[in-house]
2 protein chains.
Amino acid sequence: MEKAELIRFKAQAQVMKALSHPTRLFILHELANEEKCVCELTEMVGADTSTISKHLSIMKNAGIVDFEKRGTSIYYSLKMKCVLSFFTCVNEVLKKRVESQMVLV
Amino acid sequence: MEKAELIRFKAQAQVMKALSHPTRLFILHELANEEKCVCELTEMVGADTSTISKHLSIMKNAGIVDFEKRGTSIYYSLKMKCVLSFFTCVNEVLKKRVESQMVLV
DNA sequence: TGGCTATTTGGCAATATAGCCAATAATAAT
DNA sequence: ATTATTATTGGCTATATTGCCAAATAGCCA
C-alpha cells in the first residue's frame with residue numbers, strides 16, 4: 001500500500017468511523033429531519049450532555065454536521081446529506097444477513 | 001430512543017464499523033477489482049497474516065465480503081458492491097473539508 | 001451584578017480494538 | 001508419511017473509544 005493511498009484511506013476511515021456508533025446514527029437520523037440543539041438530542045438519547053456533545057464533536061470534525069449558535073443553544077444540522085444514502089445499502093446488507101440466517105434454520 | 005430503534009442502529013453501526021479502518025478500506029478497494037486470497041492481501045498490506053485474517057473476519061461477519069476455499073487458499077470477494085458507492089459521498093465530505101481549510105489560509 | 005441555562009472540555013475508569021506471536025488445522029506436494 | 005503452505009484462533013500488550021462527573025465558558029434575564 002502506497003503512502004498517499006494510506007493517507008486517503010485513513011481520512012476516509014475517519015469519516016466512516018464518525019458514522020459507526022449507534023448514538024451517532026440516531027443523531028444523524030434526527031438531524032435528517034431538522035436541526036436540533038444539544039439539549040434536545042440529549043433529552044432524546046437519554047445520556048449525559050457531555051456525552052452527546054462529544055458525539056457531535058466527532059461528527060463535526062468529520063465534516064458531517066454543521067452548527068450555529070443561537071442564544072445559549074447550539075443548533076446542529078446535517079451538512080452532508082449524501083451520507084443518508086448509505087443506509088439504503090447498509091439495510092440491504094442487514095437484510096441479506098438475516099436472509100442467510102433464515103436458511104440455516 | 002426506542003428499543004427497536006436502538007437494535008437497528010447497533011446493527012447498522014456494526015456494518016459501518018467494518019468499513020472504518022484504513023486496512024479494511026484498502027482491502028475493499030482491492031476486492032472491488034477482483035477476488036484475492038489472504039496471502040495476496042497480506043503481501044499488499046505488509047502486515048501479519050493473522051492481522052489480515054482478522055480484518056477479513058470482521059468484514060465477513062458484517063456481511064460485506066464472501067469467501068471460497070480453493071486448494072489451500074481462501075479467496076475473498078466483495079459480496080455487497082453497493083458499499084463502494086459510499087465513497088463518492090465520503091470523498092465529497094473530504095473535499096469540502098479541505099476547501100474550508102483553504103479558506104482559513 | 002448575580003444567577004440561570006446551555007454547552008464544551010478535562011479527567012478518569014471501563015471497555016473495545018488492533019496487531020503481533022505462537023499454536024492449531026487443513027490441504028498439497030514430494 | 002512427512003514436510004511445506006495457507007489460514008484461523010487464542011493470548012497478550014498497546015492504544016483508542018466511550019461515558020460519566022466535575023469544572024470552565026458563554027449568553028440571557030431579572
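The chains referred to below are lettered A, B, ... by the order of the sequence lines, with proteins before strands, and numbering in each begins at 1. Just so you know, these numbers come straight off a predicted model, no measurement behind them.
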Do any side-chain nitrogens or oxygens of B:S53 fall under 4.0 Å of OP1 or OP2 in D:dA7? no

So, B:R24 side chain and B:H55 main chain: donor-acceptor pair closer than 3.5 Å or not? no

Hydrogens and angles aside, do A:N91 and B:R8 bring a side-chain donor and acceptor to less than 3.5 Å of each other? yes

Between atom CD1 of A:I52 and atom SG of A:C39, what is the distance when rounded to the nearest 0.5 Å? 11.5 Å

Quick one: A:L56 CG to C:dT8 C1', roughly how many Å, whole number? 11 Å

Partner lookup for C:dC4, please. Criteria are Watson-Crick or G-U wobble with both distances under 3.5 angstrom; report none if nothing qualifies. D:dG27

Per nearest nucleotide of DNA chain C, the residue lying toward the 5' end, B:R24 or A:I74, is A:I74

Tell me the interatomic distance from A:H55, atom NE2, to C:dT7, atom P, rounded to whole angstroms. 16 Å

Could you state the atom-to-atom distance from NZ of B:K54 to P of C:dG19 in whole Å? 10 Å

Rounded interatomic separation in angstrom, taking CG from A:D48 and P from C:dT8: 12 Å

Between atom CZ in A:R70 and atom C1' in C:dA6, what is the gap in whole Å? 14 Å

Hey, does B:K17 reach any base, or is it just sugar-phosphate, or nothing, if we go heavy atoms under 4.0 Å? sugar-phosphate

Below the 4.0 Å mark, does D:dT5 have OP1 or OP2 next to a side-chain nitrogen or oxygen of B:T72? no

Could you give the CD-to-C1' distance, from B:E68 to D:dA7, as a whole number of Å? 16 Å

Using only atom types and a distance under 3.5 Å, with no angle test, would you say the side chain of A:S57 pairs donor to acceptor with the backbone of A:S53? no

Starting from P on C:dT5, measure out to CD on A:E43 and report it in whole angstrom. 15 Å

What contact category does B:S57 fall into here, base, sugar-phosphate, or nothing, at under 4.0 angstrom with non-hydrogen atoms? nothing

Nucleotide nearest A:V38 (side chain, heavy atoms from C-beta), chosen from C:dC21, C:dT7, D:dC20: C:dT7

If you look at every strand shown and take non-hydrogen atoms under 4.0 Å, does A:I58 touch a base, only sugar-phosphate, or nothing? sugar-phosphate

Counting only heavy atoms not in B:E2 (residues, nucleotides, ligands), do more than 12 fall under 6.0 Å from its CD? no

I want to verify a distance call: between C:dC20, C:dT7, C:dG19, whose nearest atom is closest to the B:H21 side chain? C:dG19

Just the rounded figure in Å: distance from P of C:dT7 to NZ of A:K36. 13 Å

Quick check for you: among D:dG27, C:dT27, C:dG19, whose closest atom lies nearest to any side-chain atom of A:K69? D:dG27

Look at B:T51 and C:dC20 and indicate whether a side-chain polar atom (N or O) is within less than 4.0 Å of OP1 or OP2. yes

Under 4.0 Å between any heavy atoms, over every strand shown, what does A:S73 touch: base, sugar-phosphate, or nothing? Just pick one. sugar-phosphate

Over all atoms of both residues, closest heavy-atom pair of A:V15 and A:I64: O-CD1, 4.0 Å

Regarding B:Y76, tell me which of base, sugar-phosphate or nothing describes its non-hydrogen contacts under 4.0 Å with the strands shown. sugar-phosphate

